[in-house]
Amino acid sequence: MIQPNSLQAWGLAIRPKTLTGAAIPVMIGCALADMYDKLQVLPAVLCFLFAFLMQIDANFINDLFDYLKGSDREDRLGPERACAQGWITVSAMKAGIAVVTVLAAITGLSLLFFSGWEMIPVGVACIVFAFLYTAGPYPLAYHGWGDVLVLVFFGFVPVGCTFYVMAHTWTTPVTVASLACGLIIDTLLMVNNFRDREQDAISGKRTLIVRWGARAGLILYFMLGMVACWCCLYFTSEGKIWAAVLPQLYLIPHIFTTLKMARINKGKALNLILGETSRNMLLFGMLLTLGLVL
């Protein structure tokens with residue numbers, strides 16, 4: 001029995017497994033900085049901290065507003081949510097969101113010592129869009145914008161800005177790596193939306209899979225991983241052969257996971273695919289990071 005608003009309840013609400021998605025882009029950004037001999041320990045640590053806090057903040061916000069919208073019903077197939085289960089009260093979750101948002105803002109402001117004031121709009125955008133994803137009169141996740149936001153806020157923003165904080169510039173390799181990272185992390189959202197397509201349709205959540213169908217979702221899932229690996233081939237032109245070759249190993253588990261996803265097709269069993277996708281995603285991030293630093 002989980003006591004409401006207990007440390008155990010907050011630990012579950014944080015959803016620690018999702019922090020992998022926050023770590024991978026920063027890891028790749030640091031590898032890019034190392035590629036240019038610009039890696040610095042303190043800014044790197046602060047970038048990781050900011051990414052973790054924003055991921056936790058987004059988890060809390062989604063938990064609260066999906067609950068308030070009635071999307072977290074008894075037929076929910078994904079991992080249990082804190083507000084829907086009564087682990088965290090609505091008032092406590094609002095307070096938690098406020099605290100984590102402030103901590104993320106303070107961490108983001110500390111990065112200004114290493115970059116410049118131009119980073120302020122980026123930090124503000126991270127916080128604003130964390131709310132706009134499921135909150136407000138036009139929740140972006142409910143209108144099919146989730147995949148675009150993943151590309152931006154799990155690709156270009158964390159990879160590119162981690163690099164920028166240390167190198168004070170932006171290069172083509174940064175753009176390519178950001179795109180590849182965003183595509184890979186979007187596979188996780190694609191699995192979620194594939195699993196929840198019937199419930200999302202009932203809730204009025206118009207994801208790409210609700211709009212285009214399950215078959216399109218499978219194809220998109222597979223192609224996201226493929227295109228991310230193809231992007232990495234660019235690094236041959238930069239003399240980074242390992243950064244081009246190593247990520248291709250990701251395709252082996254990705255293909256097997258896609259086939260398994262097609263076989264399962266629907267139901268709670270797709271949470272197994274969620275776990276495998278998270279594992280594959282981390283593998284890709286580690287392979288690309290290793291390739292960039294070799």
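Note: hydrogens, waters and symmetry copies are ignored here, and every other heavy atom, side chains too, is used.
- Linking Ile, Leu, Val, Met, Phe, Trp and Tyr residues whenever their side-chain heavy atoms come within less than 4.5 Å places Y36 and W170 in a single cluster.
- By the 4.5 Å side-chain criterion applied to Ile, Leu, Val, Met, Phe, Trp and Tyr, V102 is assigned to a cluster that also includes I106.
- Ring geometry, Y138 versus H143: the interplanar angle falls under 30°, so the pair is classed parallel (tilted spans 30 to 60°).
- No side-chain donor-acceptor contact under 3.5 Å links T134 and D66.
- Hydrophobic clustering (side-chain heavy atoms under 4.5 Å, transitive across Ile, Leu, Val, Met, Phe, Trp, Tyr) groups L46 together with I120.
- Inspection of the T277 and Y221 side chains reveals an N or O donor paired with an N or O acceptor under 3.5 Å.
- From W212, atom CH2 reaches atom OG1 of T207 across 10.5 Å, with rounding to the nearest 0.5 Å.
- Nearest heavy atoms, L283 versus P253: CD2-CG, 3.8 Å.
- Residues M281 and L259 are members of one and the same hydrophobic cluster, defined by side-chain heavy-atom contacts under 4.5 angstrom among Ile, Leu, Val, Met, Phe, Trp and Tyr.
- Of all non-hydrogen atoms in G21 and I185, the two that sit nearest each other are O-CD1, 3.4 Å.
- Shown here for M190 and G217, the closest heavy-atom pair between the two residues is CG-O, 3.8 Å.
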- Task: Could you give me the CA-CA distance, side-chain angles and deciding distance for L149 and Y133, then say whether side-chain contact (heavy atoms from CB on, under 4.5 Å) is met?
- Result: CA-CA 8 Å; L149 293 177; Y133 189 72; 3.5 Å; yes
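- Rounding to the nearest 0.5 angstrom, the gap separating the CD1 atom in I273 from the OG1 atom in T258 is 8.5 Å.
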- Task: Evaluate the ring pair (Phe, Tyr, Trp, His ring centres under 6.0 Å) criterion for residues F222 and H254: first the C-alpha distance (whole Å), next the side-chain angles of each, then the deciding distance (0.1 Å), finally the verdict.
- Result: CA-CA 7 Å; F222 179 67; H254 179 64; 5.7 Å; yes
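- Under the 30°/60° scheme for interplanar angles, the aromatic rings of F48 and F52 are found to be tilted.
- Connection of L183 to V150 is established within a shared hydrophobic cluster, with ILVMFWY side chains joined at heavy-atom distances below 4.5 Å, either directly or through further cluster members.
- Atom OH in Y164 sits 12.5 Å away from atom NZ in K38 (nearest 0.5 Å).
- Here the CG-OG1 distance, from L188 to T18, works out to 9.0 Å after rounding to the nearest 0.5 Å.
- In this structure, M226 places its CE atom where more than 12 heavy-atom neighbours from other residues, nucleotides or ligands lie under 6.0 Å away.
- Criterion: ILVMFWY side-chain heavy atoms under 4.5 Å apart, direct or through other members. Under it, F235 and I241 are not part of a common hydrophobic cluster.
- Taking both residues in full, the closest heavy atoms of D200 and V210 are given as CB-CG2, 3.8 Å, listed atom of the first, atom of the second, then distance.
- Of the listed residues (L292, T289, L32), just one forms a side chain to side chain contact (heavy atoms under 4.5 Å, CB included) with M27, and that residue is T289.
- Counting only N and O atoms by type, the side chains of N280 and T187 include no donor and acceptor under 3.5 Å apart.
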